[in-house]
Amino acid sequence: MNKVYLDYNASTPLAPEVLDVMNPLLTGYYGNPSAHHWAGHPVKEKLVIARKQVAGLLSCLPEEVIFTSGGSEANNLALKGYYFKHQYKGKHIITSKIEHPAIVEPLKFLERLGAEITMVDVDAYGMVSPEAIEDAIREDTILITVMHSNNEVGTLQPIDEIGEIARRHRIAFHTDASQSAGKVPIDVNHLNVDMLTIAGHKLYAPKGIGALYIRKGLELEPLIHGAGHEFGLRAGTENTMLAAGLGKACELAQDQARDRKFADLTNYFWVQLQEAFGDEVVLNGHEEKRLPNTLNVSFVNRVGQDILSAIPQLAASTGSACHSGIVELSPVLREMKVPEYVGMGAVRFSLGRYTAKEELDQVISWLKETF
């Protein structure tokens with residue numbers, strides 16, 4: 001049975017180049033990177049290289065990169081760390097109604113500690129209005145967090161515009177770029193962000209590693225206290241092997257983010273779907289301002305999970321990876337005001353570096369057999 005993987009937004013396989021960098025660290029380089037002797041120095045150098053590689057992808061300084069255990073920890077450090085350090089200035093935080101649970105849940109936790117959260121609406125494409133963000137600002141607003149791209153429908157947010165608003169009002173601005181890093185070019189200075197999250201397993205690095213960009217001079221309270229690792233922001237001996245893998249993945253992603261392959265293949269697949277199913281298939285999200293690898297479509301009057309269950313050899317998703325298996329309108333589609341008879345049939349196809357055109361043709365054939 002041939003299998004096709006179209007769930008790259010959920011997780012990516014390890015790139016061979018990443019594995020090549022990591023393998024030597026399984027048996028050698030066993031010293032502590034903080035140790036000042038012959039065993040520690042080469043391990044420390046691996047961390048230095050990895051930090052530079054991540055910084056290269058984000059166009060920031062190496063010392064502005066903090067390694068974490070993944071995107072969720074990076075988001076928690078950004079939100080909780082900033083709130084704990086700056087709540088004396090105000091307790092109001094602004095976000096959108098379509099954020100990932102890795103943003104929503106930390107904010108709910110902060111609400112229990114006294115934070116006040118405003119969640120702004122999105123339009124029919126899943127896009128946040130910069131004007132809505134500005135309208136939500138209060139005198140006690142200290143932080144704005146809006147995802148760079150939506151993990152379900154792929155819509156790219158106007159982060160640079162929101163960043164300009166935040167800067168004008170002297171409010172810290174964070175964006176979760178876990179889904180967009182490696183798929184579109186990212187420059188923290190052009191985006192006007194103060195903090196930015198990436199997750200390794202979304203860009204061909206291992207699971208269990210991520211990073212948070214923190215603009216130089218911005219102060220956060222650490223979540224993990226101990227020795228002064230990661231510039232005093234994350235105690236614990238660094239996982240050099242995973243950091244090296246993330247670094248290499250970020251180096252590879254600099255070219256990948258400008259590659260037209262994703263967009264060309266995704267557009268080809270969309271055309272084939274339209275030709276095969278006509279009015280029975282509709283696009284969810286923005287037609288142009290979305291991730292080049294992401295195609296969220298609804299098969300009208302069908303149930304997305306039923307379609308995928310009928311094609312067990314196809315790996316795709318009916319929502320974000322955190323909600324797989326839930327056969328109900330996803331929160332994102334609900335906030336986009338997608339009608340229930342359309343939203344119930346949503347399937348997210350996310351393509352990746354190893355997707356072949358022949359695989360997409362095979363998927364079209366399988367889908368035809370289910371109708």
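Computed from heavy atoms alone, side chains included, the values below leave out hydrogens, waters and symmetry copies.
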Are any of the side-chain heavy atoms of [X] and [Y] separated by less than 4.5 Å?
X	Y	value
S178	D176	yes
E64	I214	no
L333	V153	yes
L6	S350	no
D361	Y268	yes
L196	H174	no
I198	C250	yes
N151	Q179	yes

When clusters are formed by joining ILVMFWY residues with side-chain heavy atoms under 4.5 Å apart, either directly or through shared neighbours, do [X] and [Y] land in the same one?
X	Y	result
F84	L218	yes
I311	F349	yes
M241	L252	yes
I142	L223	yes
Y213	F231	no

Could you report the tightest heavy-atom contact between [X] and [Y], atom names first, then the distance?
X	Y	answer
E221	K85	N-CB, 3.9 Å
S180	H148	OG-ND1, 2.6 Å
G352	K261	O-NZ, 4.1 Å
K52	P62	CG-CG, 3.9 Å
E238	P33	OE1-CG, 3.4 Å
E335	I98	CB-CG2, 3.8 Å

Side-chain polar contacts of residues 86-93 - donor-acceptor pairs under 3.5 angstrom, sequence neighbours left out - could you list them?
| residue | atom | partner | partner atom | Å |
| --- | --- | --- | --- | --- |
| H86 | ND1 | K89 | NZ | 3.2 |
| H86 | NE2 | E219 | O | 2.8 |
| H92 | ND1 | T141 | OG1 | 2.6 |
| H92 | NE2 | T118 | OG1 | 2.7 |

Original post:
Residues two or more places apart in sequence or in another chain: which of them pass side chain to side chain donor-acceptor pair (under 3.5 Å) with H169?
Top reply: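 Residues passing side chain to side chain donor-acceptor pair (under 3.5 Å) with H169: E134.
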**OP:** Output all residues satisfying side chain to side chain donor-acceptor pair (under 3.5 Å) with N150, sequence neighbours left out; order by chain, then residue number.
**Re:**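 For N150, no residue satisfies side chain to side chain donor-acceptor pair (under 3.5 Å) once neighbours in sequence are set aside.
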Report yes or no: does [X] contribute a side-chain atom to a donor-acceptor pair with the main-chain N or O of [Y] at less than 3.5 Å?
X	Y	answer
R260	D264	no
E152	V332	no
T266	P292	yes
T318	G304	no
N293	L351	yes
K216	E63	no
D194	F173	yes
S309	Q305	yes
K357	L265	no
T175	A177	no

Drop me the distance from [X]'s [atom1] to [Y]'s [atom2], to the nearest 0.5 angstrom.
X	Y	atom1	atom2	value
K248	L246	NZ	CG	13.0 Å
Q254	L58	CD	CG	9.0 Å
K368	T370	NZ	OG1	11.5 Å
N301	M344	CG	CE	10.5 Å

**OP:** Return the set of residues passing side chain to side chain contact (heavy atoms under 4.5 Å, CB included) with N32 (not counting sequence neighbours), or none when no residue passes.
**Re:**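 Side chain to side chain contact (heavy atoms under 4.5 Å, CB included) list for N32, sorted by chain: S34, A35, T237.
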Subject >> Any residue meeting side chain to side chain contact (heavy atoms under 4.5 Å, CB included) with H201, in chain and number order, not counting sequence neighbours >> reply: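 Scan of H201 (side chain to side chain contact (heavy atoms under 4.5 Å, CB included), adjacent residues dropped) gives S11, A199, K207.
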Could you tabulate the donor-acceptor pairs under 3.5 Å formed by side-chain atoms of residues 42-50, not counting sequence neighbours?
none

Thinking salt bridges, do [X] and [Y] make one under a 4.0 Å N-O criterion?
X	Y	result
R51	E230	yes
R138	E116	yes
E111	K108	no
E73	R234	yes

**OP:** Any chance you could lay out the side-chain hydrogen bond (donor to acceptor under 3.5 Å, both in side chains) test for N75 and K80, step after step, and finish with the verdict?
**Re:** CA-CA 8 Å; N75 285 338; K80 296 176 184 175; over 6 Å; no
Partners passing ring-ring contact (aromatic ring centres under 6.0 Å, His included) against [X] (at least two apart in sequence or in another chain):
X	value
F262	none
Y204	Y354
Y8	Y5

Just wondering, are more than 12 heavy atoms of other shown residues or ligands nearer than 6.0 Å to [atom1] in [X]?
X	atom1	answer
H36	NE2	no
H190	NE2	no
E139	CD	no

Original post:
Checking side-chain hydrogen bond (donor to acceptor under 3.5 Å, both in side chains) for the pair T294/N9: CA distance, chi angles, key distance, verdict?
Top reply: CA-CA 8 Å; T294 303; N9 280 12; 3.1 Å; yes
Original post:
Is it the case that E131 and S129 place a side-chain donor and acceptor less than 3.5 Å from each other?
Top reply: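 Side-chain D/A pair, E131 to S129: present.
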Subject >> Option passing side chain to side chain contact (heavy atoms under 4.5 Å, CB included) with L314 (candidates V347, L308, N2) >> reply: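 Among the candidates, only L308 passes.
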Original post:
Members other than Y30 in its cluster, when Ile, Leu, Val, Met, Phe, Trp, Tyr link by side-chain heavy atoms under 4.5 Å?
Top reply: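 ILVMFWY cluster around Y30 also holds W38.
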Subject >> Lys NZ or Arg CZ of R302 over F371 ring: under 6.0 Å, within 45° >> reply: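 Yes, R302 lies over the aromatic ring of F371.
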Enumerate donor-acceptor pairs with a distance under 3.5 Å from any side-chain N or O in residues 158-165 to protein atoms, sequence neighbours excluded.
none

Donor-acceptor list for residues 277-285 side chains, cut-off 3.5 Å, not counting sequence neighbours:
| residue | atom | partner | partner atom | Å |
| --- | --- | --- | --- | --- |
| N284 | ND2 | N296 | OD1 | 2.9 |
| N284 | ND2 | S298 | OG | 2.9 |

